[in-house]
Amino acid sequence: MTKLNIQDRMIRSISNRAEEVFLRSDFEGMGSQSQVSRGLSTLVSAGRIVRIGYGVFAKAKVSSISGKPIPRQPLEVLTQETLKKLGVVPELGKAQTEYAKGDSIQIPMKTVFNTGRRRISRKITVGNRTASYENNYRTTA
């Protein structure tokens with residue numbers, strides 16, 4: 001039986017997952033920190049995955065316009081999945097909620113996630129778009 005190197009094991013793990021987003025910590029059991037880092041950087045260079053944040057990666061596809069690797073899902077889907085993996089229950093922001101209820105006719109320009117009482121500083125970026133957060137930290141309930 002042939003032993004798979006860490007990069008092959010990472011590719012197999014990524015392929016078998018239904019999720020689009022995975023964290024660096026998902027691969028900790030496969031090898032040392034330096035081996036995992038080398039494996040991830042090799043996969044990014046090969047265009048199999050893209051880095052969307054610090055320790056956050058997404059499955060990639062080739063862009064029909066630029067020919068470069070891009071995430072398979074939009075920023076909003078990737079952000080929501082990432083927050084769930086980090087243990088945060090994401091909800092739509094105030095503007096999106098008001099628009100969905102019909103309380104406002106103003107169409108929200110960007111998607112903002114309400115993180116409840118959690119303060120999130122993690123930056124999740126796809127192309128030139130970055131996820132935005134709001135929270136209930138200053139409100140009294």
Side-chain angles (χ1 to χ4, degrees), residues 1-104 106-141:
M1 180 174 192
T2 61
K3 188 172 182 177
L4 296 174
N5 64 13
I6 190 167
Q7 187 175 342
D8 293 335
R9 290 192 321 218
M10 291 171 108
I11 290 171
R12 181 178 286 176
S13 175
I14 291 167
S15 301
N16 290 337
R17 294 173 192 241
E19 305 129 0
E20 290 293 319
V21 172
F22 47 94
L23 306 175
R24 187 183 192 290
S25 60
D26 293 342
F27 302 108
E28 281 180 352
M30 293 186 180
S32 68
Q33 286 184 349
S34 60
Q35 288 174 323
V36 170
S37 294
R38 276 195 305 273
L40 288 171
S41 65
T42 303
L43 293 176
V44 168
S45 299
R48 304 285 303 256
I49 60 176
V50 290
R51 183 175 183 261
I52 60 172
Y54 183 75
V56 183
F57 299 87
K59 292 180 181 179
K61 67 178 182 177
V62 177
S63 169
S64 60
I65 297 170
S66 67
K68 295 182 180 181
I70 59 169
R72 298 188 326 181
Q73 295 292 326
L75 175 66
E76 294 79 16
V77 173
L78 298 175
T79 302
Q80 195 166 19
E81 194 173 323
T82 302
L83 290 174
K84 284 180 184 175
K85 280 191 155 239
L86 294 171
V88 177
V89 180
E91 298 173 3
L92 288 177
K94 184 179 176 186
Q96 284 88 0
T97 305
E98 288 177 356
Y99 182 71
K101 286 181 182 177
D103 294 342
S104 172
Q106 184 71 37
I107 299 173
M109 290 300 292
K110 62 181 178 178
T111 303
V112 177
F113 290 95
N114 185 343
T115 58
R117 301 277 300 162
R118 299 274 307 264
R119 189 180 71 82
I120 302 292
S121 60
R122 184 176 291 265
K123 191 174 186 181
I124 299 173
T125 305
V126 172
N128 60 356
R129 295 182 58 215
T130 302
S132 300
Y133 312 107
E134 65 185 26
N135 57 34
N136 303 333
Y137 196 66
R138 294 182 187 258
T139 60
T140 58

Gap separating the [atom1] atom of [X] from the [atom2] atom of [Y], nearest 0.5 angstrom:
{"X": "Glu20", "Y": "Ile14", "atom1": "CD", "atom2": "CD1", "result": "11.0 Å"}
{"X": "Asn114", "Y": "Asn135", "atom1": "CG", "atom2": "CG", "result": "7.0 Å"}
{"X": "Gln35", "Y": "Ile6", "atom1": "CD", "atom2": "CD1", "result": "5.0 Å"}
{"X": "Lys123", "Y": "Ile120", "atom1": "NZ", "atom2": "CD1", "result": "15.5 Å"}
{"X": "Leu86", "Y": "Ser25", "atom1": "CG", "atom2": "OG", "result": "8.0 Å"}
{"X": "Arg122", "Y": "Tyr133", "atom1": "CZ", "atom2": "OH", "result": "8.0 Å"}

Is any side-chain heavy atom of [X] closer than 4.5 Å to a side-chain heavy atom of [Y]?
{"X": "Lys61", "Y": "Pro69", "result": "no"}
{"X": "Gln73", "Y": "Pro71", "result": "no"}
{"X": "Arg12", "Y": "Ser15", "result": "no"}
{"X": "Pro90", "Y": "Lys84", "result": "yes"}
{"X": "Ile52", "Y": "Thr82", "result": "yes"}
{"X": "Val50", "Y": "Ile70", "result": "no"}
{"X": "Phe113", "Y": "Gln80", "result": "yes"}
{"X": "Leu40", "Y": "Met10", "result": "yes"}

Sub-3.5 Å donor-acceptor pair from the side chain of [X] to the main-chain atoms of [Y], do we have one?
{"X": "Glu98", "Y": "Asp103", "answer": "no"}
{"X": "Ser41", "Y": "Arg38", "answer": "yes"}
{"X": "Glu81", "Y": "Leu78", "answer": "no"}
{"X": "Glu134", "Y": "Lys94", "answer": "yes"}

Show your working on side chain to side chain donor-acceptor pair (under 3.5 Å) between Ser13 and Arg17 and close with a plain yes or no. CA-CA 6 Å; Ser13 175; Arg17 294 173 192 241; 3.0 Å; yes
So which atom in [X] and which in [Y] form the shortest heavy-atom distance, rounded to 0.1 Å?
{"X": "Gly47", "Y": "Ala60", "answer": "O-CB, 3.5 Å"}
{"X": "Thr97", "Y": "Leu92", "answer": "OG1-O, 3.4 Å"}
{"X": "Val36", "Y": "Phe27", "answer": "CG2-O, 3.4 Å"}

Is any side-chain N of the basic residue among Lys85 and Glu19 closer than 4.0 Å to the acidic one's carboxylate O? yes
For Thr115 and Val89: C-alpha separation, side-chain torsions, deciding distance, then whether side-chain contact (heavy atoms from CB on, under 4.5 Å) applies. CA-CA 7 Å; Thr115 58; Val89 180; over 6 Å; no
Looking just at side-chain N and O atoms, do Arg129 and Thr125 make a donor-acceptor pair shorter than 3.5 Å? no
For residues Arg48 and Thr42, is any side-chain donor paired with an opposing acceptor at under 3.5 Å?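 No, Thr42 and Arg48 have no side-chain donor paired with an acceptor closer than 3.5 Å.
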Both conditions, 6.0 Å and 45 degrees, for the charged tip of Arg72 above the ring of Phe57: are they met here? no
Take Gln7 and Leu43, measure what side-chain contact (heavy atoms from CB on, under 4.5 Å) needs, and give me the verdict at the end. CA-CA 8 Å; Gln7 187 175 342; Leu43 293 176; 4.1 Å; yes
